[in-house]
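These figures come from a predicted structure and were not determined experimentally. A note on names: the letters A, B, ... follow the listed sequences, proteins ahead of strands, and every chain is numbered from 1.
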2 protein chains.
Amino acid sequence: MYSPTTRLLTILELLQSHRQLSGSQLASRLEISPRSIRRYIVMLQDMGIPIEAERGPDGAYYLGRGVKLPPLMINNQEASALVLGLLVLQAFHFPVELVAIEGALAKLERVMPEALLEQVRALQAALSFNVVASPTTLQPSIVARLSLAVHKCQSLSMRYMSLSGTESTRLFDAYGIVYYQGFWYAVGFCHTRRDLRTFRLDRISELQATDHTFDQPEGFDPIQHVHNAFATMPGQYPVEILLETSMSHVQQVLPPAAGSFEATPAGILWRREVADLWPTALLLLKFDFPVIIRQPPELRTIMQQLAAKALRLSEE
Amino acid sequence: MYSPTTRLLTILELLQSHRQLSGSQLASRLEISPRSIRRYIVMLQDMGIPIEAERGPDGAYYLGRGVKLPPLMINNQEASALVLGLLVLQAFHFPVELVAIEGALAKLERVMPEALLEQVRALQAALSFNVVASPTTLQPSIVARLSLAVHKCQSLSMRYMSLSGTESTRLFDAYGIVYYQGFWYAVGFCHTRRDLRTFRLDRISELQATDHTFDQPEGFDPIQHVHNAFATMPGQYPVEILLETSMSHVQQVLPPAAGSFEATPAGILWRREVADLWPTALLLLKFDFPVIIRQPPELRTIMQQLAAKALRLSEE
DNA sequence: TATGATTAGGTCAGAATCAGTCCTAATTAA
DNA sequence: TTAATTAGGACTGATTCTGACCTAATCATA
C-alpha cells in the first residue's frame, strides 16, 4: 500500500467490496490525507471509472454505472465460480457471443493461480452435464433483442424460415425463450397465424422490435408449451373433444397451451388445431376420465388403427 | 493515459487482452520510453502481479500465474457472459460456494452499464431452463475434493447415508460426477459392494482422499451409467421388448434414460424396469416400427385394455 | 559461430508528480 | 441554523518519474 498506483487500486477494491465509503474512511484505511483521497477519486473518474458521491452528512463515495467497466478485483473463489459459469455456458451452447466467453475464459485462466486452475479443470473434467450437442449456431444478437422484447412486452416483426424451407414475415409476441433438447425456441403468440407458436431461434433471420406492446398472459409456462408443442404441431385438423371431468382436473392434466377449454353442461369442451392427429389420439388414451370425440372424424379412424395396433401387440 | 498511475493499469490491461507484448510495443502504445516500460514492469511485479518475460528475439512480456489474482480488465460483452454464467450456476444449484457466486454477481452488477444490465436481466427473465429445482443443498468443498480425486484417480474413503437412512463407510473410486434431474451424483466403483455404484452427493457426509490410486476404465460414460441406473431402478415389472428397427433409429426415438438397449439379430432388445406399465404401453403405440412384447405378460393385458378404450373412443 | 533483437538493469539530472496543509464553497440531513 | 460531508483552489517541499545513455545477458537465426 505504498505507491500511488497500489493506492488507486486499493480504493477501487474497497469501493467494489463495500457499498459505500466516506472520504475519511478511505483516508484512514490508506493512511493518507483526505485531500489526497479526493484527488485519487478524481483520477479514477478521469480514467472512466464512474465513482459517484453523496454529499452532506452521511455522504459517501460509491461506484456507479459507467459506459466502461472498471478493473474487477476478485478473489480466488469468485474466479473459480466465474470460470465454471463460463464453461457451463459453453457446454450448453448458450446464446452468448463465443468471443466473449472465450475472451473472458482466456483472461481468467491466464492469471489464475495454479492450484485454483487445477481445481477448476478437475471439476470440469469430472462433471458430466446432461447436454445434447446442438448442431446449429445462432446469433447472440438475435437472442439479446428477443429477450429484451420479452421483457418489455414489445411485439416483434421477424423473418422466419419454417422447417419446410418457406420463409415468411410474421408479427409475433414473444412470451419466453426455452432450451429444449439442444435447440433454443421462442414461445409466444403469432399474429399471422393467430395462435400460440414455437419458433426455433436459429431459423429466425431478421428480428425487429415494433412499437406495439402486448400483455403477457398470466401463469403461462413456456417450457410446458414447448413440451406440448412437440406432441401437437399446429395444423389443419380442427379438433373438438368433450372431456367429462372438472375444469380443475383438466388444468392439472393439460397445460393451458394445449388449446382452449370451455365449460359446458356436458363437460369441458377442448378445442385445438393440429396437423398430426396421432399425438392427440395417444393423449386421449392417457386420460383417466371419459372422453368423447366430436371432431374430426379422422380422429376416430386413427383410434381404430390404434386399437388394432394395441390388439396386435397384445397378441404377439 | 497520462499520469504514471493510469499508465500502470493500462499496461496491465494490454497484457490481459493480448497474449504477449514486447517492450517496444508497449512503449509506443503508451508513448513513453522503453526504459520506463521496464520500470513499470518491475513495479507491477513488486505489486505481486506475475509478469514474466521471454528473452531474445521475439521476446516479450506476458502474464503468468501468481498466488493472487490481478485486477481483471473485462469488456461489456465479457461481463454479460460472466453474469449469465453465474446466473446459470445459481439456477442449476451448481456445487460452488454461494458466497462466491453472490459476491461476484454483486461486484459485476454494481458496475455494469445500465443498458448491459437490462439486457442481461431480460435474458435471465426470458430464458427458461428445463431445470428441476433441487430440494437439497450440498457442500461445495465435498464436490471440489471429489472432482480432484476423479482427476487424480485417487480412491476415496467416504461416509454415506443410504436412502434407507443407514450410514456406512465405503472405499470408492470416483469416475465422474453427474447432474441428473435436480441431483448431483458420483459414479464409480464401490470397493465395499464390489460393483459400479451411484451416490447422491448430498448424502455424503465425510470424504477423504486416500493414497490408493485406480485406473479410470476406458470409454466409461458416467451419464450413460446414471441413466441406466435409473432406468433399472427396482420397480416390480421387468420389461423386455423387441424393437424391429435399427439402433440409430431407436436412439432417435428413445432417450438413453429409457433403459438398456442390446442389438440382436431379430432387432433391438430394450430392457427396463418400471413400477407402472401404462406409460410404457402408450409409448409402444407411438412407434412407427414393429414391436414385440417379450415381458411382462401384464403389459399385453394393458394393451388389450388400451385397444378396448381406443375402440370405444372411435365409436362414440 | 556471429549477429541482431530483445529483456534486464545501473546511473544521473531535470522535469513532473504527489502529498500535505491551508483555505473556501456547495450540499444536505437533522 | 449546525455539523458533516464532498469539491476543489493554491502553495510548498518532498518524492517520484522520465528519458538518455550506458552495459549485460539471453536466444533465435542466418
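In this entry the distance linking CZ of Arg38(B) with C1' of dG19(D) reads 11 Å, nearest Å. Summarising the geometry, the separation between CD on Gln45(B) and C1' on dA8(C) is reported as 10 Å, rounded to the nearest angstrom. We find that OH of Tyr40(A) is positioned 10 Å from C1' of dT17(C), with the value rounded to whole Å. In this entry the distance linking CD of Glu54(B) with C1' of dT29(D) reads 15 Å, nearest Å. Residue Met43(B) contributes atom CE, which lies 12 Å from atom C1' of dT17(C) at whole-angstrom precision. Following rounding to the nearest Å, Ile37(A) (CD1) and dG8(D) (P) show an atom-to-atom distance of 15 Å. In this structure, Asp58(B) places its CG atom 14 Å from C1' of dA30(D), rounding to the nearest Å. Atom P of nucleotide dT15(D) and atom CD1 of Ile32(A) are separated by 16 Å, given to the nearest angstrom.
Using a 4.5 Å cut-off on side-chain heavy atoms (C-beta onward), Ile177(A) and Ser147(A) make contact. Residues Cys153(A) and Asp215(A) form no side-chain contact, since every pair of their non-hydrogen atoms from C-beta on lies 4.5 Å or further apart. By the 4.5 Å heavy-atom criterion applied to side chains, Leu8(A) and Leu44(A) are counted as neighbours.
Sorted by first then second residue, the salt bridge (Lys or Arg N to Asp or Glu O under 4.0 Å) pairs that include residues 53-75 of chain B, not counting sequence neighbours, are Glu114(A)-Arg65(B).
For dG20(C), the base has a donor-acceptor partner in the side chain of Arg39(A) [N/O atoms by modelled type, under 3.5 angstrom]. For Arg55(A) against dT6(D), a side-chain N or O and a base N or O form a donor-acceptor pair under 3.5 Å.
The side chain of Arg35(A) contributes no N or O atom lying less than 4.0 Å from OP1 or OP2 of dT6(D). Taking only side-chain nitrogens and oxygens, Tyr61(A) comes nearer than 4.0 Å to OP1 or OP2 of dA7(D). Of the side-chain N and O atoms in Ser22(A), none sit less than 4.0 angstrom from OP1 or OP2 of dT5(D).
The end-to-end axis angle of the helix from dT1(C)-dA30(D) to dA30(C)-dT1(D), rounded to 10 degrees and based on five pairs per end, is 50°.
Where Glu52(A) and Pro57(A) each meet DNA chain D at their nearest nucleotide, the meeting point lying more 5' is that of Pro57(A).
At a threshold of 4.0 angstrom between heavy atoms, the contacts of Ile41(A) with the nucleic acid are absent.
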Open item on the list: For a side-chain hydrogen bond (donor to acceptor under 3.5 Å, both in side chains) check, start with the C-alpha distance between Tyr62(A) and Arg19(A), then their side-chain angles and the critical distance, and finish with the verdict.
Closed with: CA-CA 6 Å; Tyr62(A) 59 93; Arg19(A) 182 157 289 286; over 6 Å; no

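Atom CG of Leu105(B) is separated from atom CD of Glu78(A) by 9.5 Å, given to the nearest 0.5 angstrom.
For Phe214(B) and His212(B), the gap between ring centers reaches or exceeds 6.0 Å.
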